[in-house]
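What follows is a set of notes on a single structure, which appears directly below.
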Amino acid sequence: MFEAGAALKATHGADKVFDFTLGNPNVPPPDSFKQALAEVAQDREIDHAYMPNAGYPETRQAVAAQVAAEQGCPVSGEDIIMTCGAAGGLNVVLKAILNPGETVVVSAPFFVEYRFYIENHGGQMVTVPSLEGFDLDLDALSAAIDENTRAVLINSPNNPTGVVYAHDTIVRLTELLAEKSRAHDRYIYLITDEPYRDIVYDDIAVPGIFDKYPDSIVVTSYSKTLSLPGERIGFIAVNPAANCRQDLLAAMVFTNRVLGFVNAPALMQRVLARMPAERVNIGEYAKKRAALCGILSDCGYDFVKPAGAFYLFPKSPLPDDVAFVRQLQQELILAVPGSGFGGPGYFRLAFCVDDQTIENAADGFKRAIDAVK
Ligand code: PLP
C-alpha cells in the first residue's frame with residue numbers, strides 16, 4: 001500500500017491523493033513537550049552515561065504515578081520498565097514469558113505486527129473471531145485457551161476497529177483467565193497493549209486490569225498520545241500483585257538488554273519525567289472522526305463508530321476487501337484491506353490526516369460505493 005501510494009502521489013501530486021493508510025499521528029505534540037525538550041537539551045548537568053536497563057528511576061517513578069491513577073491501585077517505579085515504544089515493549093514481554101511452542105491468544109481483527117512479534121520469540125499466535133461489533137467473544141476465547149497458552153493479548157482502544165472493551169467485558173475476561181489458570185495449573189498472562197488509551201471519545205474510559213487480575217501486564221507508548229512515534233518511547237507496567245513479580249521484572253530487564261535496545265531513549269525519558277500526564281489535543285481527532293463518520297454514513301457505508309483510537313473499520317461493500325480497496329484507489333483514496341488484520345470483508349481508514357484530506361475524499365468515497373452497488 002505504501003508503495004502504491006507513493007506511485008499515485010508521484011503521478012497525480014500528493015494533494016490529489018487521499019492517503020488513509022498510516023497510523024502516523026498528524027496532531028502535533030503539546031507545546032509543553034517542545035518546552036521540556038528544550039530545557040533538557042540546555043541542561044549542562046545531565047550525563048550521557050549508561051543507565052539502569054529499566055530506565056531512569058525518576059522517569060519510572062513519574063510513569064508509575066500515572067499508571068497507578070489509571071489502574072486504580074498502587075504502582076511503584078520498580079514495576080515500570082521504559083521501552084523503545086510499544087513494539088519494543090511487546091517484544092521484551094514476549095521474549096521474557098514465552099517458552100518455545102507456547103501460544104498467545106489474540107482476538108481478530110488485530111494489529112498486524114502481533115504475529116511477527118510472537119513468532120520472534122518461538123511462540124504461536126492463536127486467533128479467535130470477535131463478536132458482531134468487534135467486542136471480545138469470551139466463549140471463543142475460552143475454547144482457544146488450553147494447557148499450552150501463555151498469554152492472552154488484547155488491544156483497547158483497538159487498532160483497526162476503534163473498539164474500547166467495556167468494564168464488564170474485562171471483568172468477565174479476567175474471571176475466565178483466573179479459571180483457566182487454575183484448571184491448567186499455570187500462569188496465563190493478560191497483556192493489554194494500549195498505546196491509544198487516552199485517545200477516546202464521548203467521555204469513555206478504558207478500564208484498568210491490575211485491580212482485576214494479578215498476572216497482568218500493560219504495554220504502551222507515547223507514540224500516539226504525545227504524537228512521538230519516531231522517538232521510540234514507551235513502557236511496560238507489571239502488576240505489583242503478579243505471581244513471581246521479581247522474576248518477571250528481572251526477566252524483562254534482561255530481555256530489554258539482550259534484544260539490543262539496552263535501554264529506552266535517554267533524552268525522551270528525561271523529557272517525560274517532566275511531563276508524564278500531558279496529551280495531544282484529542283479534540284482534533286474527535287473532529288476528524290465526526291467528519292469522516294458523517295461522510296461515510298451519507299454515502300451508505302456500514303461501520304461501527306469508533307469509541308477510541310483514530311481508525312475506522314467499515315464493512316467492504318464487496319465481499320472481497322482487496323477488490324474494494326482497488327476500487328477506492330481508482331478514486332485516489334488509499335485504504336488498507338481488512339484481511340491483513342485478520343478481518344476480511346472490511347477495510348481500515350486511519351483518520352489521523354488533514355481535515356482537507358477527509359473533506360476532499362467525500363466524492364470519491366461516494367463514487368466508489370456507487371460503482372459496486
Ligand atoms: N500496538 C498497536 C495496537 C499499534 O497500533 C501500534 C502502532 O501503530 C503499536 C503497538 C506500536 O507502537 P509503537 O510505535 O509505540 O511501537
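What you are looking at is a predicted structure, and each value in this text was computed from that prediction instead of being measured.
Val152 and Ile118 sit in two unconnected hydrophobic clusters of ILVMFWY residues. Membership requires side-chain heavy atoms under 4.5 Å apart, directly or through other members. Grouping the Ile, Leu, Val, Met, Phe, Trp and Tyr side chains by contacts below 4.5 angstrom, directly or via other members, places Phe261 apart from Met51. Linking Ile, Leu, Val, Met, Phe, Trp and Tyr whenever their side-chain heavy atoms come within less than 4.5 Å puts Ile295 and Tyr311 in one cluster. Residues Val104 and Ile145 do not share a hydrophobic cluster, clusters being chains of Ile/Leu/Val/Met/Phe/Trp/Tyr side chains in contact below 4.5 Å. A continuous path of hydrophobic side-chain contacts links Leu328 to Val372 [ILVMFWY only; heavy atoms under 4.5 Å].
Atom CG of Asp31 is surrounded by 12 or fewer heavy atoms from other residues, nucleotides or ligands within 6.0 Å. The environment of Asp43 atom CG is dense: over 12 non-hydrogen atoms of other residues, nucleotides or ligands sit within 6.0 angstrom.
Looking at every heavy atom in both residues, Leu138 comes nearest to Thr169 through CD1-O, 4.3 Å. Pairing each heavy atom of Gly342 with each of Phe110, the nearest pair is CA-CE2, 3.9 Å.
Side chain of Asn155 to backbone of Asp193: a donor-acceptor contact under 3.5 angstrom is found. Without hydrogens or angle criteria, Asp354 side chain to Gln356 main chain gives no donor-acceptor distance under 3.5 Å. Remark: the backbone N or O of Ile204 is not paired with any side-chain donor or acceptor of Asp202 at under 3.5 angstrom. Distance alone, capped at 3.5 Å, is enough to place a donor-acceptor pair between the Thr11 side chain and the Ala7 backbone. In terms of modelled atom types and a separation under 3.5 Å, the side chain of Gln330 and the main chain of Gln327 share no donor-acceptor contact. Counting only distance, with no hydrogens or angles, the side chain of Asp137 and the backbone of Ala140 share a donor-acceptor pair below 3.5 Å. Looking only at distances, a side-chain donor or acceptor of Ser227 sits under 3.5 Å from a matching main-chain atom of Val27. Side-chain atoms of Arg186 come within 3.5 Å of backbone N or O of Glu147 as a donor-acceptor pair. One N or O on the side chain of Tyr201 and one on the backbone of Ala309 form a donor-acceptor pair closer than 3.5 Å. Under the 3.5 Å distance criterion, the side-chain polar atoms of Thr192 are left unmatched by any main-chain donor or acceptor of Glu194.
Within the structure, salt bridge (charged side-chain N to carboxylate O under 4.0 Å, His left out) pairs that include any residue of residues 111-120 do not occur (at least two apart or interchain). Applying the salt bridge (charged side-chain N to carboxylate O under 4.0 Å, His left out) definition to pairs two or more places apart or across chains, those involving residues 78-92 are Glu78-Arg245, Asp79-Arg245.
With ring centers used as reference points, Phe313 lies under 6.0 Å from Phe134.
A salt bridge does not link Glu359 to Lys288: none of the charged nitrogens lies less than 4.0 Å from a carboxylate oxygen.
Residues Ile170 and Ile154 meet the side-chain proximity criterion, which asks for heavy atoms closer than 4.5 Å. Annotation: side chain of Ser221 is in contact with side chain of Pro195 (closest heavy-atom distance under 4.5 Å). Side-chain contact check for Arg289 versus Lys305: some heavy-atom pair is nearer than 4.5 Å. Put simply, the side chain of Phe210 reaches to within 4.5 Å of the side chain of Val75, judged on heavy atoms. Residues Pro157 and Pro306 fail the side-chain proximity criterion, which asks for heavy atoms closer than 4.5 Å. Side-chain contact between Met125 and Tyr117: absent, with no pair of heavy atoms (C-beta onward) separated by less than 4.5 Å.
Classified by interplanar angle (parallel below 30°, tilted 30° to 60°, perpendicular above 60°), the ring pair Phe111/Tyr114 is perpendicular.
The one candidate from Arg367, Arg326, Lys16, Lys366 that meets the salt bridge (Lys or Arg N to Asp or Glu O under 4.0 Å) condition with Glu331 is Arg367. When the options Phe303, Phe18, Phe20 are evaluated for a ring pair (Phe, Tyr, Trp, His ring centres under 6.0 Å) with Phe365, the one that passes is Phe20.
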Determine all donor-acceptor pairs shorter than 3.5 Å in which one atom belongs to a side chain in residues 277-286; sequence neighbours excluded.
| residue | atom | partner | partner atom | Å |
| --- | --- | --- | --- | --- |
| Glu278 | OE1 | Ser32 | OG | 3.1 |
| Arg279 | NE | Asp198 | OD2 | 2.2 |
| Arg279 | NH1 | Pro276 | O | 3.3 |
| Arg279 | NH2 | Asp198 | OD2 | 3.1 |
| Asn281 | OD1 | Gly283 | N | 3.0 |

Show me the donor-acceptor pairs, under 3.5 Å and distance only, between side chains in residues 85-94 and residues at least two apart or in other chains.
| residue | atom | partner | partner atom | Å |
| --- | --- | --- | --- | --- |
| Asn91 | OD1 | Asn120 | ND2 | 2.9 |
| Asn91 | OD1 | His121 | NE2 | 2.8 |
| Asn91 | ND2 | Ala87 | O | 3.0 |

Return all side-chain donor-acceptor pairs below 3.5 angstrom for residues 345-353, not counting sequence neighbours, or 'none' if the list is empty.
| residue | atom | partner | partner atom | Å |
| --- | --- | --- | --- | --- |
| Arg348 | NH1 | Asn159 | OD1 | 2.8 |
| Arg348 | NH2 | Thr21 | O | 2.6 |

Could you pull out every donor-acceptor pair under 3.5 Å between side chains of residues 54-67 and any protein atom, sequence neighbours left out?
| residue | atom | partner | partner atom | Å |
| --- | --- | --- | --- | --- |
| Tyr56 | OH | Arg270 | NH2 | 2.8 |
| Thr59 | OG1 | Gln269 | O | 3.0 |
| Arg60 | NE | Gly77 | O | 3.2 |
| Arg60 | NE | Ile80 | O | 2.7 |
| Arg60 | NH2 | Gly77 | O | 3.4 |
| Arg60 | NH2 | Ile80 | O | 3.2 |
| Gln66 | OE1 | Tyr222 | OH | 3.1 |
| Gln66 | NE2 | Glu70 | OE2 | 3.3 |

Pair Glu39-Lys34, salt bridge (Lys or Arg N to Asp or Glu O under 4.0 Å): steps then yes or no = CA-CA 9 Å; Glu39 280 169 21; Lys34 296 270 160 76; over 6 Å; no
Candidate pair Leu141 and Leu176, rule side-chain contact (heavy atoms from CB on, under 4.5 Å), full reasoning | CA-CA 9 Å; Leu141 283 165; Leu176 171 69; 4.2 Å; yes
List the steps, then state whether side-chain contact (heavy atoms from CB on, under 4.5 Å) holds for Lys180 with His184.
-> CA-CA 6 Å; Lys180 293 284 181 181; His184 296 299; 4.3 Å; yes
I would like to know whether Gln329 and Leu334 meet side-chain contact (heavy atoms from CB on, under 4.5 Å); could you show each step before the answer?
-> CA-CA 6 Å; Gln329 248 180 53; Leu334 306 180; 3.6 Å; yes
Determine, stepwise, if the pair Lys9 / Asp19 fulfils salt bridge (Lys or Arg N to Asp or Glu O under 4.0 Å).
-> CA-CA 9 Å; Lys9 284 174 194 168; Asp19 189 349; 2.7 Å; yes
Residue pair Met252, Ile217: steps toward the side-chain contact (heavy atoms from CB on, under 4.5 Å) verdict | CA-CA 11 Å; Met252 290 183 194; Ile217 301 166; 3.7 Å; yes
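Side-chain atoms of Tyr213 and Ser181 include a donor-acceptor pair closer than 3.5 Å. At a cut-off of 3.5 Å, with distance as the only test, a side-chain donor of Asp215 or Asn243 sits close to an acceptor on the other residue. For the residue pair Asn158 and Thr161, a side-chain donor N or O sits within less than 3.5 Å of a side-chain acceptor on the partner.
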